Amino acid sequence: MRKKDLTVPALLLEAVDIVLLFIYIGLQIYYTIVFSIPPYKMILNILIMLLVYAGFTVLSIFPDRLNHIPVEVCTGKIRKYSLRMIRLVKFVFILGLLIPCVFDALRIRINNAYSLIIIGVIVIIAVFYEYKIIKEFKELKK
């Protein structure tokens, strides 16, 4: 993140994301040991999570690439809304993968609709913030 984008809520959310990421990695190692899962599955799960996390982190450094807009236009409220959307989607994504892992470790089966709910929450966040960004674009053109 750039220095001008560092706020206390952003840093707290990033810290929570990192803690959740380590919990996810720990649970993947736990599954591999307890349930005799082949290690390559654990490595793939962790690698996919790290790649998605890295992608969201790169987007939070360059939020102008989110909507393919020039850097000069991605300022003020447009930048703020883009960063909020990226951070919240990253948080929901990590939490969405972590919750089934916790339930699996507790040997509790969750409903199949859980994945649809997480996708729905991510879509709602994206649509909400994209609406705000589009609204700001219209105000800039006036």
Side-chain angles (χ1 to χ4, degrees), residues 1-140:
M1 284 187 274
R2 295 184 179 170
K3 188 175 180 180
K4 65 182 176 182
D5 299 325
L6 296 177
T7 61
V8 173
L11 289 173
L12 288 175
L13 190 59
E14 191 65 31
V16 169
D17 286 344
I18 291 170
V19 168
L20 293 178
L21 184 66
F22 282 122
I23 292 171
Y24 178 80
I25 292 171
L27 284 172
Q28 290 299 319
I29 294 169
Y30 170 79
Y31 295 147
T32 303
I33 295 168
V34 172
F35 298 121
S36 300
I37 295 175
Y40 74 89
K41 287 187 178 182
M42 173 197 66
I43 293 169
L44 286 175
N45 287 339
I46 292 172
L47 185 63
I48 290 169
M49 173 61 105
L50 290 175
L51 287 173
V52 170
Y53 184 85
F56 279 124
T57 303
V58 168
L59 270 179
S60 67
I61 295 170
F62 304 106
D64 50 296
R65 302 207 180 184
L66 179 67
N67 292 313
H68 301 288
I69 56 177
V71 178
E72 303 84 37
V73 177
C74 190
T75 58
K77 287 185 178 180
I78 294 173
R79 185 176 184 86
K80 181 175 75 171
Y81 293 148
S82 297
L83 288 170
R84 282 184 187 171
M85 177 176 56
I86 293 166
R87 290 178 185 138
L88 284 174
V89 168
K90 179 168 62 169
F91 175 72
V92 171
F93 180 79
I94 293 170
L95 195 63
L97 287 178
L98 182 65
I99 289 174
C101 292
V102 171
F103 277 99
D104 285 345
L106 297 174
R107 298 178 192 229
I108 299 172
R109 185 172 170 92
I110 58 174
N111 194 344
N112 292 337
Y114 171 78
S115 298
L116 292 175
I117 292 169
I118 293 299
I119 291 170
V121 170
I122 290 172
V123 167
I124 289 170
I125 291 170
V127 167
F128 175 74
Y129 281 107
E130 283 297 328
Y131 170 77
K132 286 187 160 198
I133 291 169
I134 291 169
K135 194 170 149 183
E136 286 299 316
F137 276 137
K138 288 181 180 178
E139 288 181 15
L140 282 177

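For the single chain, residues carry numbers from 1 onward in sequence order. Only this structure's heavy atoms are used, side chains among them; waters, hydrogens and symmetry mates stay out. No experiment lies behind these values; they were computed from the predicted model shown.
- The 12-atom threshold is not exceeded at CZ of Phe103, counting heavy atoms of other residues, nucleotides or ligands nearer than 6.0 Å.
- Among all heavy-atom pairs drawn from Ser60 and Leu83, the shortest one is O-CD2, 3.1 Å.
- Residues Leu27 and Leu98 have side chains in contact (heavy-atom distance under 4.5 Å, counting atoms from C-beta outward).
- Annotation for Ile61 and Arg79: closest pair O-NH2, 4.0 Å, computed over non-hydrogen atoms.
- Within the 4.5 Å cutoff, the side chain of Ile108 has no heavy atoms near those of the Val102 side chain.
- Once rounded to the nearest 0.5 Å, the distance linking CE of Met85 with CZ of Phe56 reads 9.5 Å.
- Side-chain contact between Tyr24 and Ile94 is absent, with no heavy atoms from C-beta onward closer than 4.5 Å.
- Counting only heavy atoms from C-beta outward, the side chains of Thr57 and Lys90 approach each other to under 4.5 Å.
- A side chain to side chain contact (heavy atoms under 4.5 Å, CB included) with Ile46 is found for one member of Ile25, Leu51, Thr32 and no other, namely Ile25.
- The shortest distance between side-chain heavy atoms of Phe93 and Met49 falls below 4.5 Å.
- Side-chain atoms of Tyr114 come within 3.5 Å of backbone N or O of Gly96 as a donor-acceptor pair.
- Considering CG of Leu44 and CD of Gln28, their distance stands at 10.5 Å, rounded to 0.5 Å.
- The structure places CZ of Arg87 at 8.0 Å from CG of Leu11, a figure rounded to the nearest 0.5 Å.
- Environment of CZ in Phe35: crowded, with over 12 heavy atoms of neighbouring residues, nucleotides or ligands closer than 6.0 Å.
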Point to revise | side chain to side chain contact (heavy atoms under 4.5 Å, CB included) between Leu88 and Tyr129, intermediate numbers included | key: CA-CA 10 Å; Leu88 284 174; Tyr129 281 107; 3.7 Å; yes
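- The distance from atom CG of Asn45 to atom OH of Tyr40, rounded to the nearest 0.5 Å, is 10.5 Å.
- Nearest heavy-atom pair, Arg107 versus Val34, reported as atom, atom and distance to 0.1 Å: NH2-CG1, 3.9 Å.
- Atom CD1 of Ile117 sits about 12.5 Å away from atom CD1 of Ile122, to the nearest 0.5 Å.
- Summarising the geometry, atom NZ belonging to Lys132 is positioned 7.5 Å from atom NZ belonging to Lys80; distances are rounded to the nearest 0.5 Å.
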